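Everything on this sheet refers to the single structure shown next.
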Amino acid sequence: MRLSAGVLLCALLSLAAGDEQRLPEEELVVVTVATRETDGFKRFFRSAKHFNYTVKVLGEGEKWKSGDHTSSPGGGQKVRLLKAAVEDMKDEKQILLFVESYDVVFASGPSELLKKFQQARHKVVFSSESLIWPDRHLEDKHPHVAEGNRFLGSGGFIGHLPNIKEMLADWTGEDTDSDQLFFTNIYIDPVKRKSINITLDSRCRLFQNLHGALDDVVLKFEDGRVRARNVLYDTLPVVIHGNGPTKLQINYLGNYIPNMWTFETGCTACHEDLRPLTALKSEYPLVLIAIFIQQPTPFVEVFFERLLRLQYPKNRLKLFIYNQVTEAHHEGQLSSFVKDHGSLYQDVKLVGPEEEMDQAASRNLGFDVCRKDEDCDYLFVLDIEVVLENEETLQILIEQNLPIVAPMITRVGRLWSNFWGALSAEGYYARSEDYVDIVQGRRVGVWSVPYLSSVYLVKAGLLRSELSTYELFTSSLLDPDMAYCHNVRGQGVFMYVTNMHTFGRILSTQNYQTSHLHNDLWQIFENPVDWQERYIHENYTRIMRDQLIETPCPDVYWFPILSDVGCNHIVEEMEHFGKWSGGATTDNRIQGGYENVPTIDIHMNQINFEKEWQKFLLEYIAPITEKMYPGYFTKCSTPLNFVVRYKPDEQPSLRPHHDASTFTLNIALNQVGPDYQGGGCRFLRYNCSVQAPRKGWTLLHPGRLTHYHEGLPTTGGVRYIAVSFVDP
Ligand SMILES: *[C@@H]1O[C@H](CO)[C@@H](O)[C@H](O)[C@H]1NC(C)=O
Ligand SMILES: *[C@@H]1O[C@H](CO)[C@@H](O)[C@H](O)[C@H]1NC(C)=O
Ligand SMILES: *[C@@H]1O[C@H](CO)[C@@H](O)[C@H](O)[C@H]1NC(C)=O
Ligand SMILES: *[C@@H]1O[C@H](CO)[C@@H](O)[C@H](O)[C@H]1NC(C)=O
């Protein structure tokens with residue numbers, strides 16, 4: 001009883017004492033050294049502003065002497081500037097927080113910081129490190145700590161002005177000397193440590209240095225806010241410093257500063273960098289779209305159709321198109337696009353394979369075209385394999401008002417995307433904690449990332465300042481995109497990716513055959529979504545929902561299946577192959593007597609289209625047959641597939657016959673009227689004809705026994721149908 005009363009009394013006393021002496025927030029000033037306003041500095045400053053810290057920046061405009069400007073200003077120059085600054089400060093009650101800025105973010109505000117400082121019960125508190133540097137030999141001189149890190153980190157400290165003045169008074173070093181060593185020597189000197197009254201924040205209650213501690217820090221999400229938590233000491237540090245080789249990790253944590261970036265909820269007004277450019281609607285910046293064709297790629301025609309639909313005034317767009325592919329068909333597609341639509345754009349520059357440029361060289365050139373063009377406000381990089389479905393993409397990206405920003409695109413059904421969440425120590429891919437959530441859209445926002453590719457917008461001003469080096473993509477070690485991102489990071493420029501809208505996807509360019517006239521027809525396995533969009537009738541997906549299936553004759557179903565382009569490509573592919581056969585030669589291809597009436601035809605297997613056609617039957621026809629003929633299931637595994645040509649002077653019609661199949665598919669590949677006259681199909685048993693077949697629509701009817709039928713004469717022009725006998 002007595003004991004607990006005593007404890008209670010003690011607690012009350014210390015509470016009262018704490019209240020009495022609470023350090024006033026007005027006395028706190030944050031001091032940092034920044035010779036340049038890098039994106040990292042801006043991030044620091046925004047986070048400080050968010051929490052209402054008062055910040056004093058030293059060294060602005062000063063040339064930074066120690067090391068390259070991509071790392072934080074360090075060394076003696078920092079101490080010199082700080083010493084000069086504190087000598088001018090006269091308010092002895094002032095409390096100084098010194099932090100780095102290029103790789104620091106605040107996770108909480110002044111009151112929590114001051115409370116924790118007070119609880120440390122010392123006049124100066126330094127951040128702590130688990131690793132000792134730069135002089136390992138000093139290890140034994142460091143006092144032991146009860147729990148936590150034993151070594152001092154000079155990147156962050158807080159203290160009362162008089163004590164900090166005392167600590168800096170002895171500085172006489174050079175600008176290139178180590179500040180870390182200077183402060184360490186003070187700390188390990190027992191006399192100085194005591195007189196200045198220095199301690200370390202060993203348990204990371206105030207400062208978290210990420211160097212050597214990445215695994216100890218996790219992000220903790222609560223009520224749409226986030227804190228970094230040190231799980232080793234169970235603390236919530238206030239200042240997060242991405243020092244050492246972990247520098248990049250701070251980008252990742254920086255994504256989660258409360259209200260700095262939008263996440264989970266997705267909002268556009270969260271901070272100044274996300275403020276839309278309202279002027280956009282009246283005054284469109286000039287954008288150079290740089291299109292790179294680096295390998296044979298499917299659906300190039302569709303790419304250009306989408307490009308034309310991009311919502312942006314074409315007279316504010318210039319095109320730079322680099323085509324590295326020698327196969328003739330890309331050149332044909334390109335030149336017909338330029339011929340038909342090039343004049344809509346302010347300018348079109350085409351560079352072909354004859355220039356023999358490699359990937360890096362072509363990208364260096366494309367970037368330089370914008371750099372050298374003083375009218376160029378933005379460069380929009382767009383690789384040919386990108387399927388940009390969102391027509392507003394360019395406007396959305398410009399409105400983000402960021403240095404470099406990519407729309408997130410993914411590969412259908414995969415975790416692949418055009419950004420990396422993190423980097424490995426060697427600078428290669430590493431998966432960040434939140435990567436999957438971002439790719440799958442469970443976290444939505446604008447994210448600072450270390451790598452992006454395929455499609456992104458660059459502010460042209462950067463190309464004339466930080467990124468003015470011509471050879472941004474050139475490297476003897478890294479592939480061009482990695483070299484580029486390495487250089488961008490090296491200049492302290494931030495790259496962002498947004499998943500606040502759906503933008504599109506990327507095609508697979510693997511297994512792309514280029515031996516056909518219409519190679520895209522063969523893409524049903526590799527790029528099924530794009531294949532469907534291109535080749536399946538736009539109303540196919542509605543036929544069940546909206547009951548679009550017609551029944552022109554008993555048990556004969558009629559519905560849209562192939563797009564106009566699909567029909568045309570199949571016909572053109574067959575005519576391109578050209579080996580039409582009929583009569584006696586047909587017998588050679590008869591399997592098990594299925595085809596008992598000879599037609600003028602080409603079989604799908606003659607153009608190596610058998611596997612693809614079977615996949616088409618399985619994906620798009622089997623579900624319909626199973627619906628219309630309940631209880632019947634098909635694997636479409638032994639079908640006979642061919643395209644038939646009817647011509648008045650060749651073979652105009654087909655005499656009545658059974659199709660020795662379980663069911664038959666009969667797709668009209670062209671249109672009565674413009675393409676031919678006559679034609680159609682008559683089912684004799686029912687005295688019922690389907691005349692005026694519709695292009696892209698198919699008939700689906702039972703084969704043997706009931707649906708004895710004939711092909712009605714084509715009286716003019718040429719008629720094409722695609723036929724499949726499916727059995728079973
Ligand atoms: C910062 O100050 C403003 C105005 O004084 C206040 O509205 C806001 O809540 C403060 N922000 C924080 C994070 O305390
Ligand atoms: C450091 O200062 C605190 C008061 O802030 C005091 O209680 C403590 O005794 C001092 N420590 C040393 C070693 O002087
Ligand atoms: C699809 O259906 C809509 C409305 O039913 C029609 O307007 C449109 O022409 C159809 N598309 C094609 C390609 O026939
Ligand atoms: C078949 O139908 C046509 C009209 O659709 C009709 O003129 C003819 O008499 C019918 N034939 C038989 C055998 O029912």
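For ligands, and for the atoms within them, numbers begin at 1 and follow the listed sequence. Since the structure is predicted, the reported quantities are computational estimates derived from the model, not experimental observations.
Residue contacts with ligand 2, taken as heavy atom pairs separated by less than 4.0 Å, involve Lys123 solely via side-chain atoms from C-beta onward.
In this structure, atom 4 (C) of ligand 3 lies nearest to the protein heavy atom Arg542 NH1, 3.7 Å. Atom 2 (O) of ligand 3 has its closest protein heavy atom at Asn539 ND2, 2.3 Å. Looking at atom 11 (N) of ligand 3, its nearest protein heavy atom turns out to be Glu538 OE2, 2.8 Å. Atom 5 (O) of ligand 4 has Asn687 ND2, 4.7 Å as its closest protein atom, hydrogens excluded (heavy atom only). The nearest protein atom to atom 7 (O) of ligand 2, hydrogens excluded, is given as Arg121 O, 4.7 Å; this is a heavy-atom distance.
Distance check on atom 9 (O) of ligand 4: every protein heavy atom falls at or beyond the 4.0 Å cut-off. Using a 4.0 Å threshold on non-hydrogen atoms, atom 14 (O) of ligand 2 counts as touching the protein.
The ligand atoms of ligand 3 that sit less than 4.0 angstrom from a heavy atom of His537 are 11 (N), 12 (C), 13 (C), 14 (O).
When Thr199, Asn197, Ile198 are ranked by how near their heavy atoms come to atom 1 (C) of ligand 2, first place goes to Asn197.
A salt bridge links Arg306 with Glu533: at least one charged nitrogen is closer than 4.0 Å to a carboxylate oxygen. A salt bridge does not link Lys116 with Asp201: none of the charged nitrogens is closer than 4.0 Å to a carboxylate oxygen. Salt bridge Arg719/Asp675: absent, no basic N to carboxylate O contact under 4.0 Å. Looking at Arg645 and Glu575, a side-chain N of the basic residue comes within less than 4.0 Å of a carboxylate O on the acidic one, giving a salt bridge.
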Going through the distances and angles, do Glu389 and Arg505 end up as a salt bridge (Lys or Arg N to Asp or Glu O under 4.0 Å)?
-> CA-CA 8 Å; Glu389 284 192 302; Arg505 57 183 176 272; 3.1 Å; yes

List the steps, then state whether side chain to side chain donor-acceptor pair (under 3.5 Å) holds for Asn209 with Ser127.
-> CA-CA 7 Å; Asn209 290 315; Ser127 75; 3.0 Å; yes

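Taking the centre and axis of the six-membered ring of Tyr187, the NZ or CZ atom of Arg193 falls inside the cone set by 45° and 6.0 Å.
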